[in-house]
Amino acid sequence: MKYKLKLLPIVFQDLIKAKKWYFDINAELGEDFKLQVNEEFDYIRQYPKHYQKKHKEVRQSIITRFPYTVYYLIEEELKIVVVIGVLAQKQSFDRIKKRLIK
């Protein structure tokens, strides 16, 4: 059973920043990044428990071909995957921890 996918508003900012970075380098690269992220979202919706927990209930999924990680939580009762961040791997996990506090 596929779960629903919910992105926190800040995730849209993460994605806009990352897509702009790749589009500025090359339009095809930007499109490929977008495609890879969407494929990863689909996989997470289908198999949300596949990936390991990074911190408490936060799970992480690495995007193929790009140094970015999707961080998410599972709301099992509602069958919802809540994406709390899509960050470059060089960025500190503390950013995600701060999002959990809010």
Side-chain angles (χ1 to χ4, degrees):
M1 173 187 185
K2 276 194 173 183
Y3 285 51
K4 291 182 182 178
L5 190 71
K6 176 183 174 184
L7 279 66
L8 294 183
I10 197 161
V11 174
F12 292 102
Q13 294 173 19
D14 294 343
L15 292 171
I16 288 168
K17 224 187 263 187
K19 283 190 279 187
K20 182 182 178 336
W21 168 259
Y22 286 112
F23 271 104
D24 286 350
I25 295 170
N26 178 302
E28 280 185 38
L29 195 58
E31 284 298 326
D32 194 32
F33 176 76
K34 193 164 85 172
L35 178 68
Q36 294 289 321
V37 170
N38 287 330
E39 285 178 2
E40 196 58 39
F41 285 165
D42 286 342
Y43 189 84
I44 291 169
R45 286 177 58 229
Q46 185 70 35
Y47 307 102
K49 295 180 183 174
H50 175 84
Y51 295 109
Q52 68 182 359
K53 292 179 184 176
K54 169 82 174 173
H55 172 76
K56 296 185 181 179
E57 295 302 312
V58 177
R59 294 176 185 265
Q60 67 177 17
S61 163
I62 296 173
I63 297 173
T64 307
R65 240 192 105 218
F66 293 93
Y68 277 79
T69 302
V70 177
Y71 297 97
Y72 65 96
L73 300 166
I74 302 171
E75 291 184 7
E76 191 61 48
E77 318 76 47
L78 301 173
K79 301 293 184 206
I80 297 174
V81 170
V82 180
V83 177
I84 58 176
V86 178
L87 300 178
Q89 291 171 1
K90 67 181 180 180
Q91 292 177 295
S92 173
F93 183 72
D94 288 341
R95 288 176 175 237
I96 296 300
K97 287 181 183 177
K98 288 177 186 173
R99 293 176 186 188
L100 293 173
I101 296 169
K102 293 181 181 178

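As the structure is a computational prediction, the values presented were derived from the model and not from experiment.
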Margin query: Restricting to side chain to side chain donor-acceptor pair (under 3.5 Å), what partner residues turn up for K2, sequence neighbours left out?
Written below: none
Note to self: Less than 6.0 angstrom from the centroid, inside 45 degrees of the normal: does K54 satisfy that with respect to the ring of F93?
What the structure shows: yes
Check: Which residues satisfy the ring pair (Phe, Tyr, Trp, His ring centres under 6.0 Å) test with Y72, sequence neighbours excluded?
Finding: none
Taking atom [atom1] of [X] and atom [atom2] of [Y], what is their separation to the nearest 0.5 Å?
X	Y	atom1	atom2	value
L5	I80	CG	CD1	10.0 Å
Q60	I96	CD	CD1	10.0 Å
Y71	K97	OH	NZ	11.0 Å

Margin query: Give me the atom names and distance for the closest heavy-atom approach of P48 to V81.
Written below: CB-CG2, 3.7 Å
Checklist line | K79: salt bridge (Lys or Arg N to Asp or Glu O under 4.0 Å) partners, not counting sequence neighbours | finding: E76
Notebook entry, point to check: Do the non-hydrogen side-chain atoms of T69 and I63 ever get within less than 4.5 Å of each other?
Noted result: no
Note to self: Evaluate V83 against L8 for side chain to side chain contact (heavy atoms under 4.5 Å, CB included), listing each step before the verdict.
What the structure shows: CA-CA 6 Å; V83 177; L8 294 183; over 6 Å; no
Name each donor-acceptor pair under 3.5 Å that joins a side chain in residues 11-28 to protein atoms two or more places apart or in another chain, with its distance.
| unit_1 | atom_1 | unit_2 | atom_2 | d |
| --- | --- | --- | --- | --- |
| D14 | OD1 | R99 | NH2 | 2.9 |
| D14 | OD2 | V86 | N | 3.1 |
| D14 | OD2 | R99 | NH1 | 2.7 |
| D14 | OD2 | R99 | NH2 | 3.4 |
| K20 | NZ | D24 | OD2 | 2.7 |
| N26 | OD1 | E28 | N | 2.6 |
| N26 | OD1 | L29 | N | 3.2 |

Output side-chain donor-acceptor pairs under 3.5 Å for residues 38-46, partner residues at least two apart or in another chain, one line each.
| unit_1 | atom_1 | unit_2 | atom_2 | d |
| --- | --- | --- | --- | --- |
| N38 | ND2 | K34 | O | 3.3 |
| E40 | OE2 | Y51 | OH | 2.6 |
| E40 | OE2 | S61 | OG | 2.4 |
| R45 | NE | Y3 | O | 3.1 |

Next item on the list: Only pairs at least two apart or in different chains count here, so list each salt bridge (Lys or Arg N to Asp or Glu O under 4.0 Å) that has a residue in residues 55-64.
Entry: K53-E57
Check: Cluster question for you: counting only ILVMFWY and a side-chain heavy-atom cut-off of under 4.5 Å, with indirect links fine, are L35 and I62 together?
Finding: no
